[in-house]
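These notes are about the structure you will find just below.
Throughout, protein chains are lettered first and strands after them, A, B, ... in sequence-line order, and every chain is numbered starting at 1. Any value given below was found using the heavy atoms of this structure, including those in side chains, with hydrogens, waters and symmetry copies removed. Being a predicted model, the structure only gives us computed values, none of them experimental.
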Amino acid sequence: MLNGELPKMYDLDQPIRNFVSKRLIEIESYRTVQEAAKKMVEFNISSLAVVEEGSIIGFITDGDIKRKVVAEGLDPGISVEEIMIEELITEDIDITVQEALDTMTKKNIKHLLVTEGTDVVGIVTLTDLLDIKRHSLDTYISRE
Amino acid sequence: MKICQISDTHFGSESDFNRKLLYSLLDRINNSGFSLLIHSGDVTQSGRKDEYIEARRFFKKIKIPHIVIPGNHDARNGGLKLFEDHIGPVNGYKEIDDGIIIYVNSAIADSDEGRVGMVKFDLIKDILQKYTDAGLKVVLIHHHIIPIPMAGRERNVLSNAGDILDLLIKGDVDLVLSGHRHYPNVHKVENTLFVNAGTTSSVKTRYGDVNSYNVIEIGDREQSFTTVRVDGRKSERKYSRKRNRVFYDFGSKIFRVAHLSNTFISNDRSFLRKHFKNAIMTINRLEPDLIVHCGGIVREGITQDYELAVRLFSTVDGPILFTPAGRDLNYLGYHLFPKYMDSFDQKYKTEDVVFQGVSSSQYDSPVGIVGDTQRKALFKKLHESSEGIKAIFLHHNLIPIPHSREKGLLEDSGDLLREVVDAEIDLVLTGTSSHPYAAKVGKTVIVNANSTSSVYQRSVMGNSFNLIDIYEDALAVYEVNSLWGSRRLLGIWNRNG
Ligand SMILES: [Fe+2]
Ligand SMILES: [Fe+2]
């Protein structure tokens, strides 16, 4: 019986550590928007970190390409540097899912860069945080 | 931090327990600059009171902080209650510097098997959650999670080892310390080091080995693991603590593989024909260089199922390899597989890659084994191959898979895993347990496939197959939904590091 309680599908108190894709894919700032789009298609991802000499200087999502290039009729041959978001929104790997969702809602974004100490170590998306599969890590084997 | 790990002392009578040897180590334990002593279980031989009394006397002589967990032998004869009375709590956690050490009892009364049920699983999960930002995370558990070599035919891994493995990896646990097999071993899975101790003072060593203990040194950038044998021999392995997470250099793409399993082709309703057909359409569209089917081709090893399979697979563009599951060999399957699907150990080889199949299945049995002879032949074949990407495929699992029981593990998975990792094989494809999963062990990426087209599958995303892209410098694994063709990245790994 459920005892009047709903099954706990989303555990919002978990650290985002469990959800972070620790596989952040980068692109050099001088590359073209078309190259960025190709990379997103190739790896089936929706964002890339933009790097210059090894450090992250910006961020670009598929939405940026749609809004800032395609819809405006711009040439996809322009560099990613020209359309990237320079203000990096980062959160620590140890904040909770709830806190990350709050930041996303407040800033109206779907991607967060994730830091551990001083390093950017990955990315977490809204889809990752709402993935029920990742919330239930365990199989019902036995109680004790 | 420097940790000393002793294990499987088996306090008891002289015929089981080398008392003199153990006491002779006391001085070293107390005076070698260790911050902590871990005992990873099987303190006593049979969980009896006199054994616990003597063990307690021994631990009183240890002057450094120590944590002791019970093993299966300690749970014999109602021993867990005595363990709590004489040694300490069986589950819990302890803060040390900026680190956290979580310890759980995996022993079941009067059984040699291990289990970490929901209560203890949640304990680990909750403590990892509370201490998510700890500088060092250590978990102690008597039964091993990653298969151990030289284990004979007995696997005895935890029944839910796959879920625990996933929990520990996702929580970025640094170190997992176990005992039980009386054989020292270490594997790095993703960023977590799984360390197994030999026995420190039981007479039951394995394969003529002598008693030993482990020394684990953890620095900011590196950790080392040394087995110190009582005859003075030392073996050391070093691992970087750097977590490789950021990627941009992939180099050019070398090879693309579609990886499927458990299609269960038959006229029965458990075979989802539409899922199968769509999956093949998607595979043809993705244009892989090779398709590998890791077994469970037909529902049963009978002529009508094989004939249907041959017809359905004829629509696949490109080379395809098969390896059998137990069910493919059932009934007449043992004769039908070579007739319809070609040889048991199939192979694909170009200048750049070699994919070598190894048949792990047995007639009418879900249990898998490769065996010493076949394993030796396998590595001989691989070593003869030119430089380039080396891949192995088989039906049974090499590592425990989440959302399933441990039953899919190859009986000699510990031996094959050790050899695969030591030989730095690039890729291992497996196909049982019907759950998609990928993890890197040492330099080897191990990928398991879900059922592509059977109602019996274990992914909440539905039936799927895997797509693996190998680049010069990276390897990417995706799960692709059979019905819809939608793709989800399971992981990317650096190939050279
Ligand atoms: Fe033992
Ligand atoms: Fe044991």
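- Ranked by heavy-atom pairs under 4.5 Å with chain B, the list A:D119, A:D94, A:T96 is led by A:D94.
- Ring pair A:F43/B:Y471 is tilted by interplanar angle, where 30° to 60° counts as tilted.
- Using a 4.5 Å cut-off between heavy atoms, B:K253 contacts chain A through its side chain alone, with no backbone atom that close.
- Distance check, rounded to the nearest 0.5 Å: CD1 of A:I45 to CG of B:L489 gives 7.5 Å.
- With a 4.5 angstrom heavy-atom cutoff, A:L48 does not touch chain B via any of its atoms.
- The minimum heavy-atom distance between B:Y478 and A:E42, with the atom names listed, is OH-O, 3.2 Å.
- Around NZ of A:K110, the count of heavy atoms belonging to other residues, nucleotides or ligands within 6.0 Å does not exceed 12.
- When heavy atoms are compared at a cutoff of 4.5 Å, A:D13 approaches chain B by way of both its backbone and its side chain.
- By the 6.0 Å contact criterion, CG on A:D75 is enclosed, its count of non-hydrogen atoms from other residues, nucleotides or ligands being greater than 12.
- For the pairing with A:P15, the side chain to side chain contact (heavy atoms under 4.5 Å, CB included) check across B:L128, B:D133, B:T132 returns one residue only, B:T132.
- To the nearest 0.5 Å, the span separating CG on A:N18 from NZ on B:K170 amounts to 7.5 Å.
- Considering only heavy atoms from C-beta on, B:Q129 stays 4.5 Å or farther from A:R17 through its side chain.
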